[in-house]
Undergrad: 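Input: one structure, supplied below.
All chains are named by letter (A, B, ...) in the order of the sequence lines, taking the proteins before the strands, and each is independently numbered beginning at 1.
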Amino acid sequence: MLFLGFLPDKYIFPSVIKACAGLSTLGIGRQVHSLVSVTGFGLDTFVQSSLVHMYVKCGEMKDAHRVFDRMLDRSVVCWSALVAGYARQGYVDKANELFDEMRSFGVEPNLVSWNGLIAGFSQNGLLSKSLLILQKMHLEGFKPDGTTISCVLSVVGDLEGLPIGIQIHAYVLKQALHSDKWVVSALLDMYGKCGSPSAMMQVFYELPQMEVASCNALVAGLSRNGLVEDALKVFKQYKDNKIELNVVSWTSIIACCTQNGKDIEALQLFREMQLSGVKPNAVTIPCLLPACANIAALMHGKAAHCFSIRKGISSDVYVGSALIDMYGKCGRIVDSRHCFDSLPARNLVCWNAIMRGYAMHGMAGEAIDIFNLMQKNGHKPDFISFTCVLSACCQGGLTKEGLQYFEKMSQEYGIEARMEHYACITTLLSRAGRLKEAYSMIKEMPFEPDACVWGALLSSCRVYANVSLGEVAAEKLFKLEPNNAGNYVLLSNIYAAKGMWNEVYRVRDAMSSMGLTKNPGCSWIEIKNEVYILLAGDRSHPQMAQIIERLERLNMEMKKSGYLPDTNFVLQDVEQQDKENILCGHSEKLAVGLGLLCTPPGSALRVIKNLRICGDCHTVIKFISMFEGREIFVRDTNRFHHFKDGMCSCGDYW
DNA sequence: TTAGGGTTAG
């Protein structure tokens, strides 16, 4: 328009200025402001008003006030915008003064002015200020509307103010505002954030009408309180009632599943979302990717990556960091690094994600390089960065370096050691056989060690067959986690390794009298877009006979090459042949067996296990990698084992 | 025909 020689008029300028009222467009907005000044429209009330709004929206209060001061005719709209702007920035007195000044100029505030003031205070987290205004407003005879209430409520939950929330709810009922859809979702949101899901459900049962906003608030709130099943039920009810769900609804329910261990469900919901015609966005993808990462569903993760590229959101830092994490956890550290390198901007989460990936893969050197590089790039490591670098040192056996980083953390970086750091150092020391030092450090910890710390010590006591310390750690663990059978198993393993059979039986009796059974070993493998789950000793898979046959054939080959089954890993008191059969039924072996059957020769296999990989399986899979000429990745609870040509990337140190 | 307030997902 300008190019063609036309000038905007007083009707067009406000619209243009409104379009500039965002942080990214403020620069253009300032240019338009100059144009307004030179063309003489700077005296028009509407143009001035829109300029005030633009600056307020961008938080540029000085500029907003400068324009405002020059105005001859200040409407209530303009006063309200300025007041709200100051309130949002936390200038409480200034906002209140201006509000009163407006009246002394003969301009009466309207509902929008009151709401703007309250919204401003709420956005700044100033609950008490918002409540004061609500009270004042009420006393002056102004009836609040749904906006007023939702503004006040929006700041209640974050401050754990359930009693105040309940009071406001009572006020809502008195004012007969409980059917307002904004009020309903604000109430749901408040109760969710205040940890009162029962109150949420009460609001839900009394809903005047099912709306997408209430669905979203319900799902988010139930999820926040860990009630996944309820969230899924509510979500289904909205779906069955043909309520048109939006991208927030679907993203919320997917996030709910991934955050509560329902990864397969998350993947199914993502598919359903697409079938329903709702397009995922830059929030959906980082909510979905952890599901792919958790169960190492690489194909699903890749599909989400391709989608992000097509949609032009793969450079988003949230998407990017989720991709780095997903590839890392799916055993594709090179792809993970590629995602990291191709991000135009990285935040601390991205740096920590790639570092954690290297740590999981036992690539301590690379993790340390990243740790140094991030600082050169101006990112200060946080406590998570240190957890990553310490666990990298753990996995890589870099005991000396790990101890140095631990010391530097508090001394040079001023970061107090947390539980996870102590757990890392316990592992670091005890894996290096320095069990006594580990125990001394635990005793000197400034807070009570948790089960992770004692568990790290106990596992290493098993490796080094240290009975006395193992007993100490186990005693602590029995108190901290009375129902965790794994600790009993570890202790009895320690006794068994020393041939202390009476103690072995004593521990097992204790276990069985408490009704504890070992957490069943469970492994996953993704084959052609499908995720298969295999349980230890479970023979229900349709191809189980073939799997066993294949493993037994390999077993014979291995024995010819001098391999001895390590039956120390079998706890049951059974005959040698039975022990071998039990070993054969370990879930990671079954998953590898299924992979061998169902994938082309020579292709890589990726298996995830819910427990630490067993020593015998480790030996067997090393053999399989050589004999079958396959790369095999096994992710256990601690790290990745990359088997190739008969060797493992962990160097048999895990 | 032009200027105003609020929520929900990482």
Undergrad: Looking at the side chain of A:V248, which of B:dT2, B:dG4, B:dA9 is the nearest nucleotide?
TA: B:dA9
Undergrad: Contact class for A:G120 vs. all strands (heavy atom < 4.0 Å): base, sugar-phosphate, or nothing?
TA: nothing
Undergrad: Hey, does A:K57 reach any base, or is it just sugar-phosphate, or nothing, if we go heavy atoms under 4.0 Å?
TA: sugar-phosphate
Undergrad: Could you state the CG-C1' distance from A:L288 to B:dA9, rounded to the nearest angstrom?
TA: 13 Å
Undergrad: With the side chain of A:D316 defined as its heavy atoms from C-beta on, choose the nearest nucleotide among B:dT8, B:dG10, B:dT2.
TA: B:dG10
Undergrad: From the options B:dT8, B:dT2, B:dA9, select the nucleotide whose nearest atom is closest to the side chain of A:Y11.
TA: B:dT2
Undergrad: If you look at every strand shown and take non-hydrogen atoms under 4.0 Å, does A:N110 touch a base, only sugar-phosphate, or nothing?
TA: base
Undergrad: From CD1 of A:I12 over to P of B:dT1, roughly how many Å is that when rounded to an integer?
TA: 15 Å
Undergrad: Measuring centre to centre across the rings, with the benzene-like ring taken for any Trp, is A:F270 within less than 6.0 Å of A:H300?
TA: no
Undergrad: Please confirm whether A:H338 and A:Y327 have ring centers closer than 6.0 angstrom.
TA: no
Undergrad: Give the nucleotide from the list B:dG10, B:dT8, B:dG4 with an atom nearest to the side chain of A:D189.
TA: B:dT8
Undergrad: Could you work out which one of B:dG4, B:dA9, B:dT8 sits closest to the side chain of A:H53?
TA: B:dG4
Undergrad: Look at all strands and tell whether A:D44 reaches a base, only sugar-phosphate, or nothing, counting heavy atoms closer than 4.0 Å.
TA: nothing
Undergrad: From the options B:dA3, B:dG6, B:dG10, select the nucleotide whose nearest atom is closest to the side chain of A:P14.
TA: B:dA3
Undergrad: Aromatic contact between A:F340 and A:W351, with the criterion being ring centroids under 6.0 Å apart: yes or no?
TA: yes
Undergrad: Is the base of B:dA9 touched by the side chain of A:S252 through a donor-acceptor pair closer than 3.5 angstrom?
TA: no
Undergrad: Under 4.0 Å between a side-chain N/O of A:K18 and OP1 or OP2 of B:dT2, yes or no?
TA: no
Undergrad: Taking the six-membered ring for Trp, is the centroid-to-centroid distance between A:H65 and A:Y55 below 6.0 Å?
TA: no
Undergrad: B:dG6 P sits how many Å from A:R88 CZ, rounded?
TA: 7 Å
Undergrad: Looking at the side chain of A:A119, which of B:dG6, B:dA3, B:dG4 is the nearest nucleotide?
TA: B:dG6
Undergrad: Provide, to the nearest angstrom, the distance between the CD atom belonging to A:E211 and the P atom belonging to B:dG6.
TA: 19 Å
Undergrad: Just the rounded figure in Å: distance from P of B:dG6 to CD1 of A:I133.
TA: 16 Å
Undergrad: Between A:S130 and A:S122, is there a side-chain donor-acceptor contact under 3.5 Å, judged purely by atom types and distance?
TA: yes
Undergrad: If you take all heavy atoms of A:M374 and A:L348, which pair is closest and at what distance?
TA: CE-CD1, 3.2 Å
Undergrad: Is the distance between the ring centroids of A:F46 and A:F13 under 6.0 Å?
TA: no
Undergrad: Just checking A:A322: base, sugar-phosphate only, or nothing, at a heavy-atom cut-off of under 4.0 Å?
TA: nothing
Undergrad: Give a yes/no on whether any side-chain N or O of A:K10 is located under 4.0 angstrom from OP1 or OP2 of B:dT1.
TA: no
Undergrad: In this structure, how many angstroms lie between the P atom of B:dG4 and the OH atom of A:Y86, rounded?
TA: 19 Å
Undergrad: For A:F13 and B:dT2, do the ring centres fall under 5.5 Å apart while the planes stay under 30° apart?
TA: no
Undergrad: Calculate the interatomic distance between A:I254 atom CD1 and B:dT8 atom C1'; express it in whole Å.
TA: 15 Å
Undergrad: Which listed nucleotide (B:dG6, B:dA3, B:dA9) is nearest to the side chain of A:T147?
TA: B:dG6
Undergrad: Would you classify A:S249 as touching base, sugar-phosphate or nothing, given that sugar-phosphate means primed atoms plus P, OP1 and OP2, and contacts are heavy atoms under 4.0 Å?
TA: nothing
Undergrad: Counting side-chain heavy atoms from C-beta on, which of B:dG4, B:dG10, B:dA3 comes nearest to A:V283?
TA: B:dG10
Undergrad: Which nucleotide in the set B:dA9, B:dG4, B:dG10 lies at the smallest distance from any side-chain heavy atom of A:V77?
TA: B:dG4
Undergrad: Heavy atoms under 4.0 Å, any strand shown: does A:N281 hit a base, just sugar-phosphate, or nothing?
TA: base
Undergrad: Check every strand shown and say whether A:S150 touches a base, only sugar-phosphate, or nothing at a heavy-atom separation below 4.0 Å.
TA: base
Undergrad: According to a strict under-4.0 Å criterion, is A:R74 in side-chain N/O contact with OP1 or OP2 of B:dA3?
TA: no
Undergrad: Please state whether the phosphate of B:dG6, meaning OP1 or OP2, lies under 4.0 angstrom from any side-chain nitrogen or oxygen of A:Q123.
TA: yes
Undergrad: Are any of A:Q259's side-chain N or O atoms less than 4.0 Å away from OP1 or OP2 of B:dG10?
TA: yes
Undergrad: Looking for any heavy atom pair under 4.0 Å, which part of the strands does A:A186 touch: base, sugar-phosphate only, or nothing?
TA: nothing
Undergrad: Could you tell me how far apart A:Y238 (OH) and B:dA9 (P) are, to the nearest whole angstrom?
TA: 15 Å
Undergrad: Determine whether the aromatic ring centres of A:F105 and A:W79 lie less than 6.0 Å apart.
TA: yes
Undergrad: Base, sugar-phosphate or nothing for A:D73? Non-hydrogen atoms, less than 4.0 Å.
TA: nothing
